[in-house]
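These notes are about the structure you will find just below.
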There are 4 protein chains.
Amino acid sequence: MNITLEQAESVIAAAKKQATELKTKMNIAVVDSGSNLIAFVHMDGGWIGSVDISVKKAKTAAWFQMDTKALTPLVQPGQPLFNIEHSNGGLITFPGGVILKNSSGEIIGAVGVSGSTVEDDHTVAEAGAGAVK
Amino acid sequence: MNITLEQAESVIAAAKKQATELKTKMNIAVVDSGSNLIAFVHMDGGWIGSVDISVKKAKTAAWFQMDTKALTPLVQPGQPLFNIEHSNGGLITFPGGVILKNSSGEIIGAVGVSGSTVEDDHTVAEAGAGAVK
Amino acid sequence: MNITLEQAESVIAAAKKQATELKTKMNIAVVDSGSNLIAFVHMDGGWIGSVDISVKKAKTAAWFQMDTKALTPLVQPGQPLFNIEHSNGGLITFPGGVILKNSSGEIIGAVGVSGSTVEDDHTVAEAGAGAVK
Amino acid sequence: MNITLEQAESVIAAAKKQATELKTKMNIAVVDSGSNLIAFVHMDGGWIGSVDISVKKAKTAAWFQMDTKALTPLVQPGQPLFNIEHSNGGLITFPGGVILKNSSGEIIGAVGVSGSTVEDDHTVAEAGAGAVK
């Protein structure tokens with residue numbers, strides 16, 4: 001199962017709405033279950049350096065079928081996955097990447113958000129994920 | 001001058017409409033005048049390999065301030081810019097990348113389309129470019 | 001707003017002067033607000049490995065609209081942006097990248113300096129930034 | 001023997017002067033004999049996509065100790081070095097990269113110019129090379 005563009009656009013619309021409520025300027029990327037880019041928006045005035053980070057958060061979540069915040073403790077020095085970011089052309093393992101599931105609970109993709117604090121980024125990504133039906 | 005997200009979304013909507021009329025499944029990327037990704041969609045069932053091609057077409061047009069089809073004859077064997085594609089992390093120099101101008105004639109970004117014949121790709125990109133106000 | 005070459009050359013002249021006073025041999029890079037390289041010098045005898053570091057410091061500052069030393073505490077193990085350096089083709093997040101503002105306070109680019117201690121690097125970058133009018 | 005920054009700056013000054021006379025907006029890069037970047041300028045309004053091309057032209061010339069235009073016929077389809085551009089992280093093999101020699105005839109680096117026709121690019125690079133003493 002893979003996300004449709006219609007679903008991806010609903011994720012982006014919900015994430016944009018949440019980003020605006022938080023007065024943030026986000027980059028929002030949606031990938032399918034194979035980590036391919038399906039939809040993306042850069043909100044006016046957002047950090048340009050966060051374009052790539054939002055895409056890498058989404059890809060990281062989809063590649064490992066878990067939110068990036070689940071990876072964060074595992075990639076610290078001395079922990080099992082320390083420096084895993086060197087794989088796959090670059091991962092981002094801090095919060096803001098969230099997996100997307102359909103109503104049957106199957107993973108159909110992931111959303112990555114970057115442009116504010118990692119807490120805001122994760123909140124906006126969760127809002128996007130909540131829009132999938 | 002740089003494209004706004006609202007303008008980029010109008011480009012994508014117009015390009016998607018044209019793509020549907022042509023019964024094609026396109027990847028459509030919009031970048032700002034500095035070749036940064038502003039908006040992107042992958043239409044359901046389109047070639048995954050064309051995600052990157054659409055982005056590179058848009059970036060190529062913006063970097064050199066001309067449609068990619070203007071570059072095509074110049075990059076052929078024996079022509080002045082043969083193998084220019086090895087610069088900037090990879091260019092795409094066949095048709096489908098079109099510059100975006102505002103009502104004052106200023107370049108504000110570019111759109112790149114990939115997923116069908118290069119003629120269809122260019123037609124869809126042109127339709128997108130026509131939506132900028 | 002973007003930096004002009006004349007402004008970039010004044011940044012480099014001021015940074016070189018400061019570098020010489022500190023008896024250091026610096027690499028000094030100036031980028032525009034979109035992180036594109038505008039001017040660069042490598043002082044005789046400076047570390048060759050610092051060419052790329054100076055460019056990446058300047059790009060990092062411009063992409064995130066802040067001095068690289070503001071990022072340093074945030075990218076440490078256990079901190080929110082740990083390993084953000086894997087994005088954008090490689091960031092440098094220790095001191096030596098400084099944003100450049102015009103007289104209206106608008107960000108017009110950034111300067112990156114590498115070749116000595118990070119304290120010296122930052123001092124030289126600051127001297128360069130002070131030359132923008 | 002390697003180029004000094006003072007020599008590199010004289011190359012850039014002479015190239016800029018020639019570029020202005022030709023009413024072109026060039027990117028001009030100087031590398032040492034090991035293809036390390038020594039000095040660079042982007043003239044206001046020049047193509048951003050040519051930043052990287054100018055650097056790659058200079059590096060290509062220095063790596064192979066010949067002007068890039070000497071490589072052009074050798075990289076055509078069916079010729080001995082076809083697609084050599086895939087090496088070294090990307091070469092540019094059309095005109096505009098010129099080797100720099102000191103008064104003893106030793107190669108001390110190269111200059112790469114990009115931003116106009118390849119004929120103009122080569123003319124400006126030659127003007128730069130003529131400034132080395």
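So you know, we letter chains A, B, ... as the sequences are listed, proteins then strands, and number each from 1. Please read these numbers as outputs of a predicted model, since none were measured by experiment.
Proximity to chain B is absent for every atom of Thr117(D), based on heavy atoms less than 4.5 angstrom apart. Contact annotation for Leu91(B): neither backbone nor side-chain heavy atoms come within less than 4.5 Å of a heavy atom of chain D. Within the 4.5 angstrom heavy-atom criterion, no atom of Leu74(B) approaches chain D. For Ile92(D), the part lying near chain B is the side chain, with the backbone staying farther off; criterion is any non-hydrogen pair under 4.5 Å.
Remark: the backbone N or O of Phe64(B) is paired with a side-chain donor or acceptor of Trp47(D) at under 3.5 angstrom. A side-chain donor-acceptor contact under 3.5 Å links Asn88(B) to the backbone of Gly49(D).
Using a 4.5 Å heavy-atom threshold, the side chains of His86(D) and His86(B) count as touching.
Across Phe82(B) and Val75(D), no two heavy atoms sit closer than the pair CE2-O, 3.3 Å. Residues Val118(D) and Pro80(B) come closest through the heavy atom pair CG1-O, 3.6 Å.
Taken from OG in Ser87(B) to CD1 in Ile53(D), the straight-line distance is 4.0 Å, to the nearest 0.5 Å.
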